[in-house]
Amino acid sequence: MSSVHLKQLRMAFPDGTVGLHGLSLDIADGEFLTFLGPSGSGKTTTLRMIAGLEHPSAGEIWFGTRRVDLLSPADRNVAMVFQNYALYPHMTVRRNLEYPLRKRGVPRGDRASRIAEVTALLKIDGLLDRRPRQLSGGQQQRVALGRAMVRPSEVFLLDEPLSNLDAELRAHMRAELIQLHRSLGRTMIYVTHDQMEAMTMSTRIAVLSQGRLQQLATPHEVYHAPANKFVATFVGSPAMNMLVGRLELAGDVLRFVSEHLTVALPDCRRAELHGAPAQVAAGIRPEDLRLTPGEGDGRVTVVERAGHEAVVWLTLGRQRLVARAAAGTPAEAGTAVAVSVDGGRLHLFAEEGGQRLIGACPA
Ligand code: ADP
Ligand code: MG
């Protein structure tokens with residue numbers, strides 16, 4: 001087991017594309033760290049560099065006190081699970097699992113006991129004589145995990161391992177991966193574009209966009225104190241509402257003022273806002289938007305009733321907004337609605353550059 005340290009990692013491909021612009025971060029021993037970002041943000045490139053399948057154009061990779069970026073993949077002692085599983089189709093599950101052990105000359109008896117251990121843990125001990133095509137997607141996924149787990153490795157790398165599974169199985173495997181991480185205690189580095197996976201499994205999330213680190217923080221911090229507008233709107237579903245406006249001092253009260261919505265900010269936020277730019281973007285999570293149906297400037301466009309809650313889409317002037325409401329909300333498409341928000345719940349960002357201006361008030 002090992003900590004992992006990325007130092008100014010850069011990847012420029014031969015065609016000139018820069019996949020990663022100087023990424024630095026430290027992953028603690030035993031952590032479950034997730035790289036989260038949209039397609040093309042540099043997640044796979046980063047993981048492949050850690051595995052040794054791609055050579056960085058600049059920068060260093062360390063496992064604990066050992067520099068590894070000049071070593072071959074085999075000398076790094078990492079295990080990797082790919083999105084497409086990459087199982088050998090002509091081999092049984094047993095042979096697939098044995099392969100990494102045979103390659104390293106592990107004696108037969110040790111191979112058998114190691115396979116028994118891993119297959120029991122992953123609940124695939126009944127599938128040993130089948131071939132990959134005789135398995136469901138979820139079973140193939142488990143075998144791929146098993147093959148990565150059979151030999152001890154310092155670091156466990158997973159690139160979108162659940163993306164080929166259906167929604168129910170994905171949710172199930174998320175829970176299993178959490179348990180697996182807990183029982184193995186190994187450093188896991190996980191890549192996904194799925195915020196739900198990142199939020200539920202990770203000890204910390206590294207949010208990437210266009211080859212640059214946007215935020216490195218716990219799931220709670222990423223959600224409740226996003227570092228910039230990109231993180232704020234990428235994490236959360238439905239996405240955070242974003243309103244452009246300005247900050248004004250009215251007597252003693254600092255206010256956020258936009259075309260149709262004015263929000264008084266609580267005192268605790270004033271000191272921090274000293275020197276903030278006048279033009280700001282205010283982010284409001286759908287669950288923080290309060291609706292009063294039947295009155296006001298808002299117009300409900302669509303109500304999605306999902307059983308346990310309703311998602312209400314509306315317009316306020318030219319601004320489109322989305323709110324989470326109670327399942328029984330009387331809001332109906334085409335009706336008027338008043339919109340308000342507690343000033344302590346507002347996320348404020350510089351309109352220019354998008355950096356977060358202040359944190360939330362202490363609870
Ligand atoms: P992600 O896994 O986040 O979807 P990738 O790491 O695969 O993103 O890619 C990051 C960027 O690098 C993208 O713009 C992608 O097109 C580019 N890229 C990846 N591999 C290559 C390559 N072999 N040659 C040129 N560009 C590449
Ligand atoms: Mg990828």
Side-chain angles (χ1 to χ4, degrees), residues 4-25 27 31-61 68-69 72-73 76 78-87 137 140-141 144-145 147-148 155-167 169-170 173-174 177 187-202 204-217 219 222 226-237 239 354:
V4 175
H5 309 275
L6 311 182
K7 300 184 181 180
Q8 286 299 320
L9 264 196
R10 183 181 157 81
M11 174 55 101
F13 290 102
D15 68 357
T17 309
V18 179
L20 208 62
H21 301 261
L23 174 68
S24 296
L25 62 88
I27 303 167
E31 193 167 358
F32 193 128
L33 183 111
T34 299
F35 285 102
L36 172 69
S39 172
S41 56
K43 308 182 296 294
T44 294
T45 301
T46 305
L47 210 65
R48 287 174 59 84
M49 284 196 283
I50 297 171
L53 302 171
E54 207 84 70
H55 197 71
S57 317
E60 298 174 9
I61 303 170
V68 299
D69 54 274
S72 72
R76 293 192 191 193
V78 299
M80 184 150 171
V81 179
F82 300 88
Q83 179 173 352
N84 57 6
Y85 315 144
L87 296 173
Q140 288 184 35
Q141 181 55 62
L145 279 171
R147 197 179 49 178
V155 181
F156 207 47
L157 306 173
L158 302 105
D159 191 355
E160 311 237 10
L162 306 186
S163 56
N164 290 342
L165 306 180
D166 64 45
L169 196 53
R170 240 182 2 241
M173 286 301 292
R174 281 204 306 265
L177 281 173
T187 308
M188 291 199 176
I189 306 179
Y190 192 94
V191 158
T192 186
H193 66 276
D194 182 323
Q195 46 160 315
M196 191 66 177
E197 288 177 16
M199 292 296 288
T200 53
M201 298 193 290
S202 320
R204 286 189 304 162
I205 300 174
V207 185
L208 287 182
S209 169
Q210 298 183 348
R212 293 181 206 274
L213 183 65
Q214 305 295 312
Q215 186 167 14
L216 173 64
V222 164
N228 57 38
K229 276 203 281 186
F230 174 83
V231 178
T233 50
F234 187 70
V235 175
S237 178

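Read the numbers this way: they start at 1 and go in the same order the structure lists the ligands and their atoms.
- The single protein non-hydrogen atom nearest to atom 16 (O) of ligand 1 is T17 CG2, 4.7 Å, given as residue, atom name and distance.
- Taking all atoms of both residues into account, the shortest heavy-atom contact from I61 to D69 is N-OD1, 2.8 Å.
- From the protein, the heavy atom lying nearest to atom 6 (O) of ligand 1 is T45 OG1, 2.5 Å.
- Between L145 and M173, some side-chain heavy-atom pair lies under the 4.5 Å cut-off.
- Side-chain contact between S202 and Y190: absent, with no pair of heavy atoms (C-beta onward) separated by less than 4.5 Å.
- Listed by number with element, the atoms of ligand 1 under 4.0 angstrom from any heavy atom of D15 are 25 (C).
- Residue S39 approaches ligand 1 through these ligand atoms, each under 4.0 Å from one of its heavy atoms: 4 (O).
- Without hydrogens or angle criteria, R76 side chain to V155 main chain gives no donor-acceptor distance under 3.5 Å.
- Minimum heavy-atom separation, A79 to A148: CB-O, 3.0 Å.
- Counted by atom type alone, T192 and D194 present zero donor-acceptor pairs between their side chains at under 3.5 Å.
- Numbered from 1 in the order shown, with element, the atoms of ligand 1 that lie under 4.0 Å from a heavy atom of S41 read 1 (P), 3 (O), 8 (O).
- In summary, the atoms of ligand 1 found under 4.0 Å from a heavy atom of G19, numbered by their order in the structure, are 11 (C), 12 (O).
- In this structure, Q214 and N228 have side chains that are in contact, with non-hydrogen atoms separated by less than 4.5 Å.
- For atom 7 (O) of ligand 1, the closest non-hydrogen atom of the protein is T44 CB, 3.7 Å.
- More than 12 heavy-atom neighbours from other residues, nucleotides or ligands sit within 6.0 angstrom of CD on E60.
- Remark: ligand 1 atoms within the under-4.0 Å shell around heavy atoms of P38 are 3 (O).
- For atom 26 (N) of ligand 1, the nearest protein heavy atom (residue, atom name, distance) is F13 CD1, 3.3 Å.
- Residue S39: no N/O/S atom is found under 2.8 Å from the Mg ion (ligand 2).
- In this structure, G37 falls outside the shell of residues with a heavy atom less than 4.0 angstrom from ligand 1.
- Distance from atom 3 (O) of ligand 1 to its nearest protein heavy atom, with residue and atom name: K43 NZ, 2.8 Å.
- Side chain of T34 to main chain of I205: no donor-acceptor pair is present (N/O by atom type, distance under 3.5 Å, no hydrogens or angles).
- In terms of protein heavy atoms, atom 11 (C) of ligand 1 is closest to G40 O, 3.7 Å.
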